[in-house]
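Shown next, in structure tokens, is the structure this report addresses.
Every chain is numbered from 1, with letters handed out A, B, ... down the list of sequences. Just the heavy atoms: all of them, side chains too, but no hydrogens, waters or symmetry mates, feed the values below. Everything numeric here is computed off the predicted structure, so don't read it as measured data.
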There are 2 protein chains.
Amino acid sequence: MSEQNYCYKYPHPSVTADCVIFGFDGVSIKVLLIERGVEPFKGKWAFPGGFMNMDETAEECARRELEEETGLRDASVEQFYTFSDVRRDPRERVITVAHYALVKLSEVKGGDDAASARWFAMDEVPSLAFDHDRILRMALNRLKERICFEPIGFELLPEVFTMTELQNLYEAILEVTFDRRNFYNKMLKLGILMETEPRPDGAARRTPTKYRFNAEKYAELKQKGFRLEF
Amino acid sequence: MSEQNYCYKYPHPSVTADCVIFGFDGVSIKVLLIERGVEPFKGKWAFPGGFMNMDETAEECARRELEEETGLRDASVEQFYTFSDVRRDPRERVITVAHYALVKLSEVKGGDDAASARWFAMDEVPSLAFDHDRILRMALNRLKERICFEPIGFELLPEVFTMTELQNLYEAILEVTFDRRNFYNKMLKLGILMETEPRPDGAARRTPTKYRFNAEKYAELKQKGFRLEF
DNA sequence: CCTTATTGCGTTAATTTTACGCAAAGGTAT
DNA sequence: ATACCTTTGCGTAAAATTAACGCAATAAGG
């Protein structure tokens, strides 16, 4: 069974799709890594990824990897860059179409191979296999850019969340701090949040108001073209 | 010589790099297209592009295409998306890593095959071969986003230009109009323009001041982190 | 029970954006 | 040449937005 059945006149590179999976635990951004069990880079950590089938797009391939590791089918997945350095894989020429996925940690089930998978906070990520350090840096930059144009933050939060959690998320991604009261005002003024059951009138003020992302309102506003700006 | 010498255990897609080449003639954005001489899509227009060699990155491949068509070696080239739809090429599975290049029209020499190459204004672009309509749309969107973060406009203008030319460029890319006086103030306040010889004191006011992009000043500001915002 | 941290709701000052006025000077048409 | 229109440079004032921060109610912790 070691026949080489697929032959071409010119050499073809292998093509893989990698998936940088981001989550948020209420305090910091986390990324899911897989420990490699084989050479090259045996024992090092890397992103989930694999060879593209001939009947799927790069994004479909990345989604397949995502599902294998997290059980999630409908998370937000976005392609962000294709890495094609000639020697990025020591074995053979491999180019990889890199994606990032944003998942709600609460919905993640252990994947097929939970033993070798682990979530790392951004400041705990070890040196990675292949060129995955570079891939991670670029993924984070894209995340920063994207969150200024689209409310992707909500992909990372539970359905219902507090304003403080939302602020923590923005601060973690953008690596800045905001004045709590200004952030609060700005977010509410955007009009893309809805309060869940309004806190009972006499109830304790200390219990924070819970919000939900208002996708319909956002769709309206997007039509008219609006920026988030932070 | 029709031997099939490169054999693999699994099928591999072909990988190409395409290069959407943008220019600016002082009024509108132009794009360089090549008329296809062979099937499929014979007679239709398409972007320059070609198969990636095994010893070059996607960007190097795109630069090679750029040089073949324009003679330019040091233009700004940026990868923006990889298109991997299963049937995007009717002959075989081909995925393409799409780039855009920004060139100064005055520096473009005719390419190797000038006969079949032509510049089109954006509103004259015909229906294109393959999925190149989609590629163009995405290239334009990326251009719009990018110009809000980095002063890529200067890649499209001559070394020396007037404020009106700069405004026309921004308006053409973003498809908006600005108040001339506000644009003027905003641009000058950014501090990334330098006047060329200050207009002689008694000279005619009607002769517009000529500017030059101040790359050093921009590098400084970028360090501190700044946004362009339009 | 006292201290501290969190939440909600403001206000004010600083800054930025937007809209537009105006004069000098060069072109254009008659 | 003259009258008129356009382009350029330089402002200014109002409107809107951002940034800084005050404060009271109330949980939570010791």
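For A/Leu188 and C/dC9, the CG to P distance is 9 Å, given to the nearest whole Å. Per the geometry, CD belonging to A/Gln167 stands 14 Å off C1' belonging to C/dG8, to the nearest Å. With rounding to whole Å, A/Lys189 atom NZ is found 11 Å from D/dA19 atom P.
Here the side chain of A/Asn182 is nearest to one of C/dC9, D/dA20, D/dG9, namely D/dA20. Closest approach to the B/Arg181 side chain among D/dG9, C/dG21, C/dT7 is made by C/dG21 (side chain taken as heavy atoms from C-beta onward). Here the nucleotide nearest the side chain of A/Lys186, chosen from D/dT18, C/dT7, C/dT18, is D/dT18. If you check D/dG9, C/dG10, C/dT7 against the side chain of A/Asn185, the one that comes closest is C/dG10. Closest contact between the side chain of A/Asp179 and the listed nucleotides C/dA19, D/dC21, D/dT8 involves D/dC21.
Side chains of B/Lys44 and B/Ser127: a donor-acceptor N/O pair is present below 3.5 angstrom, by distance only. Between the side chains of B/Asp85 and A/Thr57, no donor N or O sits under 3.5 Å from an acceptor N or O.
Paired with B/Ile21 under the rule side chain to side chain contact (heavy atoms under 4.5 Å, CB included), one option of B/Val31, B/Leu72, B/Thr70 passes, and it is B/Thr70.
Note that the two end axes of the helix from C/dC1-D/dG30 to C/dT30-D/dA1 enclose an angle of 20°, each drawn from 5 base pairs, rounded to 10 degrees.
Using a 4.0 Å heavy-atom cutoff across all strands shown, A/Thr162 reaches no nucleic acid atom at all.
Sorted by first then second residue, the salt bridge (Lys or Arg N to Asp or Glu O under 4.0 Å) pairs that include residues 167-184 of chain B, not counting sequence neighbours, are B/Lys144-B/Glu175, B/Asp179-B/Arg181.
Between B/Phe47 and B/His132, the ring planes lie parallel to each other; the angle is under 30°, not in the 30° to 60° tilted range.
A/Glu145 places no side-chain N or O within 3.5 Å of a backbone atom of A/Arg142 that could act as its donor or acceptor partner.
Within the 4.0 Å cut-off from OP1 or OP2 of C/dG26, not a single side-chain nitrogen or oxygen of B/Thr207 is found.
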